[in-house]
Amino acid sequence: IPQGFKLNEYVLESYLKNAVSTFAYAGVFYNKIRNPRPFFDYLLTLDYDFRFYVFTIKEAVFTKEILNYYKPLLKEKLQVRYNLDRHNLITELSAIDFLINFENSTNNQIPSKLIDYTIAKRPICSLSFKDLKFKRKFDDFINGNYTDSTKIDIKEFDIQRIAKMFLS
C-alpha cells in the first residue's frame, strides 16, 4: 500500500513563463545515490542567465556542502530556500518553469518529490548521470521543449483510495 496524499488541498500559482529561465529541485542530495555534481558542473558552463532554486533542509550536511561550494560560483543563478513546509513548497514549485529530478542510483520506489512535482503541475526533467545525454535533455527543457517530461499517475496515491485499500 503506497503512501497517501490529499491531492486537492494545495493552492497553485497561475503559471506564467518566467522572464529568466527558472527551474527548481526540492529535496536533499546524497553522496552515493543522488549526487548532483555533474549537473552543477554543467550549469557552470552555461553562458546565459537562469535561476535554479533548490528547496531543501538546513540539516542535510552533504546537501549544504554541495550548495556552499557552488553558490559562490553560480552567484544569483543559484537560489537556496530552506525548510519550507510542504504546502508552501508546492505553491512555490507551481510558479517555476520546470522541475528537476535527479534519479537515484536505485529505483525501489517513486520518490515523494515526484508526487509533489506532479501536484504542482509543472514539467519534470528527470536526469540520470549514468546517461551521458542528460545535458541534451536539460537543454531541451531550458529551451521550452518538455516532450520528455516525466509523467506520474498520482491517482494511485489519493488518500481516499489508500484508505479504502487499508480497509479492504
Side-chain angles (χ1 to χ4, degrees), residues 5 9-105 110-129 131 133-152 154:
F5 299 89
E9 66 177 10
Y10 299 95
V11 176
L12 303 182
E13 295 289 334
S14 296
Y15 172 74
L16 295 171
K17 178 151 180 48
N18 291 283
V20 173
S21 291
T22 305
F23 47 99
Y25 173 83
V28 297
F29 307 132
Y30 300 103
N31 189 30
K32 295 193 192 270
I33 64 168
R34 195 183 311 140
N35 189 330
R37 284 188 190 276
F39 182 70
F40 278 99
D41 289 340
Y42 181 59
L43 293 180
L44 291 173
T45 70
L46 302 178
D47 62 354
Y48 51 82
D49 200 13
F50 61 82
R51 293 295 176 274
F52 179 31
Y53 286 84
V54 176
F55 298 94
T56 191
I57 58 174
K58 285 186 178 178
E59 300 79 15
V61 175
F62 181 71
T63 302
K64 282 182 79 172
E65 287 175 13
I66 294 282
L67 296 173
N68 288 340
Y69 178 81
Y70 286 99
K71 181 65 176 153
L73 301 171
L74 289 166
K75 300 178 177 131
E76 73 281 349
K77 292 179 178 182
L78 177 59
Q79 301 289 317
V80 181
R81 303 272 309 273
Y82 290 106
N83 296 17
L84 257 101
D85 67 78
R86 190 161 184 260
H87 282 83
N88 287 325
L89 170 65
I90 290 173
T91 300
E92 293 275 335
L93 293 175
S94 71
I96 303 289
D97 293 326
F98 63 95
L99 307 173
I100 299 288
N101 176 52
F102 300 118
E103 294 178 8
N104 292 340
S105 58
I110 294 175
S112 61
K113 116 173 39 326
L114 291 179
I115 295 166
D116 291 347
Y117 285 6
T118 302
I119 292 169
K121 297 185 177 176
R122 299 308 312 132
I124 301 168
C125 180
S126 208
L127 303 174
S128 169
F129 302 124
D131 181 0
K133 298 177 193 167
F134 84 86
K135 295 173 186 175
R136 187 180 56 168
K137 185 174 186 178
F138 173 77
D139 291 343
D140 283 346
F141 272 77
I142 204 85
N143 289 309
N145 178 357
Y146 306 135
T147 56
D148 202 13
S149 182
T150 299
K151 306 276 192 264
I152 304 292
I154 58 172

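Bear in mind that the values here come from a model prediction, so they are computed numbers and not experimental data. All heavy atoms count here, side chains included; hydrogens, waters and symmetry mates do not.
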Of all residues at least two apart in sequence or in a different chain, which pass the side chain to side chain contact (heavy atoms under 4.5 Å, CB included) check with K133?
D131, R136

Specify the closest pair of heavy atoms between F134 and P38, including all atoms of both residues, with the distance to one decimal.
CZ-O, 3.8 Å

Among Y69, Y25, F52, whose ring-ring contact (aromatic ring centres under 6.0 Å, His included) with F40 holds?
F52

Sequence-distant partners of N145, side chain to side chain donor-acceptor pair (under 3.5 Å), two or more places apart
T147

Report the residues that fulfil side chain to side chain donor-acceptor pair (under 3.5 Å) with T118, sequence neighbours left out, ordered by chain and then residue number.
none

Sorted by chain and number, sequence neighbours left out, side chain to side chain contact (heavy atoms under 4.5 Å, CB included) with K75 holds for none

Residue set satisfying side chain to side chain donor-acceptor pair (under 3.5 Å) with D148, at least two apart, ordered chain then number -> none

Which heavy atom of Y70 sits nearest a heavy atom of L44, and at what distance?
CE2-CD1, 3.8 Å

Atom pair OG/CG of S94 and D116 - distance to nearest 0.5 Å:
12.0 Å

Which residue pairs satisfy the salt bridge (Lys or Arg N to Asp or Glu O under 4.0 Å) criterion with at least one member in residues 10-21, sequence neighbours excluded?
K17-D97

Excluding sequence neighbours, so at least two apart, what forms side chain to side chain contact (heavy atoms under 4.5 Å, CB included) with L84?
F55, R81, N88, L89, E92

Within residues 38-52 or reaching into it, pairs that qualify as salt bridge (Lys or Arg N to Asp or Glu O under 4.0 Å) - sequence neighbours excluded:
D49-R51

Search all heavy atoms of A24 against all heavy atoms of I96 and return the closest pair with its distance.
N-CG2, 3.7 Å

With sequence neighbours excluded, tell me which residues meet side chain to side chain contact (heavy atoms under 4.5 Å, CB included) with Y82.
T56, K58, K64, L67, V80

Under 4.5 Å between any side-chain heavy atoms of R122 and L93, yes or no?
no

List for me each residue that meets side chain to side chain donor-acceptor pair (under 3.5 Å) alongside N101, sequence neighbours excluded, and say none if there are none.
S126

Under 3.5 Å, side chain of Y53 to main-chain N/O of A26, donor-acceptor pair present?
no

Is the side chain of K71 donor-acceptor paired with the backbone N or O of L78 at a distance under 3.5 Å, no angle test?
yes

Contacts of type ring-ring contact (aromatic ring centres under 6.0 Å, His included), residue F141, not counting sequence neighbours:
F98, Y146

Y15: which residues meet the ring-ring contact (aromatic ring centres under 6.0 Å, His included) condition with it, sequence neighbours left out?
none

